[in-house]
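These numbers come from the heavy atoms of this one structure, side chains and all, not from hydrogens, waters or symmetry mates.
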Amino acid sequence: MAEITIKRTFKSQLGTGVASLITCIVLSMILWPIWSTVMKAIFTAFASQGLTAVEPKVAAQLLGAMVEGSFFWMVINTWIWMTLVMGNYGKTKFTEKQPYAGLWYVLVAWFFGIVAFIGLIGFIGIWWQPFNLSLLFMPKTAADVALAIEGWEASNFFALAVILAQIPFVSLLHKWPFAGTSKQPTESLGVLAFSTVVTYIVWLALIVPSFLHLSIGEHHITAQPFGSWPAFVAFCQAFVIFAIMPVEGGEHYPMKLFAKKQPYMAIVGFCIALAAGFIIPPILKSIIEPLNLVPGVPPFVIVASLELSVIVFMLTWHHLFDDYPNAQLSPNTAIRVLTRIAIWFIGGGIYGIIWLKTFKLLPIGANNFGMGFTTMGILAGQFALLMTLLFFNTFFEKWPLVRKEYNEVTTSKTHNL
């Protein structure tokens with residue numbers, strides 16, 4: 001029998017959070033260039049014939065979409081599926097000791113992401129040419145490359161559909177009606193299967209029309225939601241803020257104010273998030289447009305970036321700072337939740353402005369330092385930091401800042417004679 005002792009490098013909750021954040025920032029700056037360089041080399045080998053058939057600018061666009069896709073499918077989607085939906089099932093299959101358990105689960109996540117891409121995108125690619133796997137990975141002509149770019153961009157943002165549709169099954173619906181119906185992993189697999197079907201529909205309805213410009217004769221048969229991709233993304237980020245708030249330190253508020261049982265809580269929570277998606281972006285746009293924070297960048301892109309910064313800060317506070325202040329420090333629920341909300345929006349706003357002013361200087365933003373690795377820019381670049389801290393907390397349990405030591409305990413039996 002093993003007795004577990006948890007040892008912390010920093011005793012205070014805030015100290016651990018600050019140290020964890022600094023660690024994750026440094027790691028993200030190192031890991032993204034490595035990831036991008038390795039994936040770019042792999043995709044260059046696969047798509048070499050098509051890349052030589054187009055101009056360098058177009059070739060760079062295809063490689064950028066490919067590298068971004070690898071990150072979205074192997075890191076973002078899989079974290080949502082494995083941590084939020086599956087509850088990290090199987091992470092300790094071989095050992096509970098870190099960093100070995102975390103490294104094992106990273107490999108599982110990468111493998112699962114590849115299989116999901118082949119299954120979900122490869123299936124539709126049997127009949128939809130832009131999603132055909134051979135065209136996506138091995139285009140041969142300039143026309144193939146053009147289709148592959150559209151296919152990669154549309155399939156990459158399956159991740160946005162996952163965030164929009166799949167996370168609320170956990171954050172708002174609390175896995176209802178599957179929760180408590182069976183043992184793990186059956187319960188979570190039911191949630192995963194049903195929510196993936198919903199996500200697939202959302203992706204086809206909202207994301208695909210944003211990238212594939214389809215027509216029949218002279219008639220355009222697709223239109224971008226909200227009129228433009230930046231406006232749609234701004235809606236999505238505002239929606240997500242309030243969709244994840246109940247489980248990221250909100251203690252089921254604000255939806256708990258109006259309902260306390262499922263599925264009514266989820267219905268209320270969805271309506272609140274939907275309203276936020278429609279209301280917040282135009283208000284923010286009217287405020288930030290005159291400020292011209294990043295000259296030449298469309299206002300809704302700036303809005304979406306600031307909203308995403310609030311999401312990043314909210315998740316950082318939940319995962320690295322453990323929802324400070326806790327119930328011991330602040331026994332009053334209203335004060336405690338409102339304090340966290342103030343921290344999220346004020347901290348997220350400050351971080352958001354700093355990001356806008358510095359992303360062009362950072363490897364996770366738009367600066368490859370002449371090393372040739374692809375960058376993700378003003379929006380997707382924030383995910384390089386976000387996913388680093390999410391993996392750091394859930395896969396690696398803040399190791400080595402927080403360490404579990406296992407001590408064997410022997411028990412002796414006494415017999416009455």
Going by heavy atoms in the side chains, are [X] and [Y] under 4.5 Å from each other?
{"X": "F391", "Y": "V75", "result": "yes"}
{"X": "M265", "Y": "H252", "result": "yes"}
{"X": "S70", "Y": "F43", "result": "yes"}
{"X": "F112", "Y": "W73", "result": "no"}
{"X": "T222", "Y": "S210", "result": "no"}
{"X": "L362", "Y": "N367", "result": "no"}
{"X": "L192", "Y": "Q166", "result": "yes"}
{"X": "P246", "Y": "K256", "result": "no"}

Main-chain N/O of [Y] paired with [X] side-chain donor or acceptor, under 3.5 Å:
{"X": "R340", "Y": "V337", "value": "no"}
{"X": "S171", "Y": "A243", "value": "yes"}
{"X": "Q13", "Y": "F321", "value": "yes"}
{"X": "Q237", "Y": "E307", "value": "no"}
{"X": "N368", "Y": "F373", "value": "yes"}
{"X": "W104", "Y": "G90", "value": "yes"}
{"X": "S330", "Y": "N326", "value": "no"}
{"X": "T9", "Y": "L401", "value": "yes"}
{"X": "S36", "Y": "W32", "value": "no"}
{"X": "Q262", "Y": "L172", "value": "yes"}

Does a sphere of radius 6.0 Å around [atom1] in [X] hold more than 12 heavy atoms from other residues, nucleotides or ligands, not counting ones at 6.0 Å or beyond?
{"X": "W35", "atom1": "CH2", "answer": "yes"}
{"X": "Y89", "atom1": "OH", "answer": "no"}
{"X": "K260", "atom1": "NZ", "answer": "yes"}
{"X": "F111", "atom1": "CZ", "answer": "no"}
{"X": "I25", "atom1": "CD1", "answer": "yes"}
{"X": "F194", "atom1": "CZ", "answer": "no"}

In Å, rounded to the nearest 0.5 Å, how long is the span from [atom1] of [X] to [atom2] of [Y]?
{"X": "L385", "Y": "L27", "atom1": "CG", "atom2": "CG", "answer": "10.0 Å"}
{"X": "L320", "Y": "L315", "atom1": "CG", "atom2": "CG", "answer": "9.5 Å"}
{"X": "M82", "Y": "I80", "atom1": "CE", "atom2": "CD1", "answer": "12.5 Å"}
{"X": "M255", "Y": "Y264", "atom1": "CE", "atom2": "OH", "answer": "15.0 Å"}
{"X": "Q98", "Y": "T92", "atom1": "CD", "atom2": "OG1", "answer": "10.0 Å"}
{"X": "S215", "Y": "I221", "atom1": "OG", "atom2": "CD1", "answer": "7.0 Å"}

For this session: Taking the six-membered ring of F300 (Phe, Tyr or Trp), confirm whether the NZ or CZ of K285 is under 6.0 Å from its centre and within 45° of its axis.
Result: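 Yes, a cation-pi geometry holds between K285 and F300.
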For this session: Using the ring pair (Phe, Tyr, Trp, His ring centres under 6.0 Å) rule, take F94 and Y100 through it: C-alpha gap first, then chi angles, then the decisive distance, then the call.
Result: CA-CA 9 Å; F94 298 107; Y100 309 110; over 10 Å; no
Heavy-atom closest pair, residues [X] and [Y]:
{"X": "A234", "Y": "P281", "result": "O-CG, 3.5 Å"}
{"X": "G64", "Y": "T374", "result": "CA-CG2, 4.0 Å"}
{"X": "M376", "Y": "F72", "result": "SD-CE1, 4.1 Å"}
{"X": "N156", "Y": "G69", "result": "OD1-CA, 2.9 Å"}
{"X": "V310", "Y": "G349", "result": "CG2-N, 4.4 Å"}
{"X": "F258", "Y": "I272", "result": "CE1-CD1, 4.2 Å"}

For this session: Could you check N393 against L389 for side-chain contact (heavy atoms from CB on, under 4.5 Å), going step by step and ending with a plain yes or no?
Result: CA-CA 6 Å; N393 181 55; L389 68 89; over 6 Å; no
Exercise. What do the steps show when you test W399 against F395 for ring pair (Phe, Tyr, Trp, His ring centres under 6.0 Å), and what is the final call?
Worked result: CA-CA 9 Å; W399 182 90; F395 282 26; over 10 Å; no
Carboxylate-amine/guanidinium contact [X] [Y], below 4.0 Å:
{"X": "R336", "Y": "E251", "result": "yes"}
{"X": "K175", "Y": "E187", "result": "no"}
{"X": "K91", "Y": "E397", "result": "yes"}

For this session: Mind running side-chain contact (heavy atoms from CB on, under 4.5 Å) on L212 and F131 for me, showing each step along the way?
Result: CA-CA 11 Å; L212 300 190; F131 303 112; 3.8 Å; yes
Exercise. Does the side chain of S309 pick up a donor-acceptor pair with the side chain of Q382 at under 3.5 Å?
Worked result: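 Looking only at side-chain atoms, Q382 and S309 do form a donor-acceptor pair, the distance falling under 3.5 Å.
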Exercise. I287: what forms a side-chain contact (heavy atoms from CB on, under 4.5 Å) with it, not counting sequence neighbours?
Worked result: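 I287 satisfies side-chain contact (heavy atoms from CB on, under 4.5 Å) with I283 once adjacent residues are dropped.
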For this session: Applying side-chain contact (heavy atoms from CB on, under 4.5 Å), name anything that partners T394, two or more places apart in sequence or on another chain.
Result: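 Only W79, T83, N88, H319 meet the side-chain contact (heavy atoms from CB on, under 4.5 Å) criterion with T394.
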For this session: Walk me through it: do S188 and Q184 pass the test side chain to side chain donor-acceptor pair (under 3.5 Å)?
Result: CA-CA 7 Å; S188 294; Q184 294 295 0; 2.9 Å; yes
Exercise. Ring centres of F270 and F239 under 6.0 Å apart?
Worked result: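 Yes - the distance between ring centres of F270 and F239 falls below the 6.0 Å cut-off.
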Problem set entry | Within the 6.0 Å centroid threshold, strictly below: F313 and F345 |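 No, ring centres 6.0 Å or more apart.
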Output side-chain donor-acceptor pairs under 3.5 Å for residues 200-209, partner residues at least two apart or in another chain, one line each.
residue: Y200; atom: OH; partner: L120; partner atom: O; Å: 2.7
residue: W203; atom: NE1; partner: A154; partner atom: O; Å: 2.8

For this session: Quick one: do F157 and W152 satisfy ring pair (Phe, Tyr, Trp, His ring centres under 6.0 Å)? Show the steps, please.
Result: CA-CA 9 Å; F157 285 97; W152 274 106; over 10 Å; no
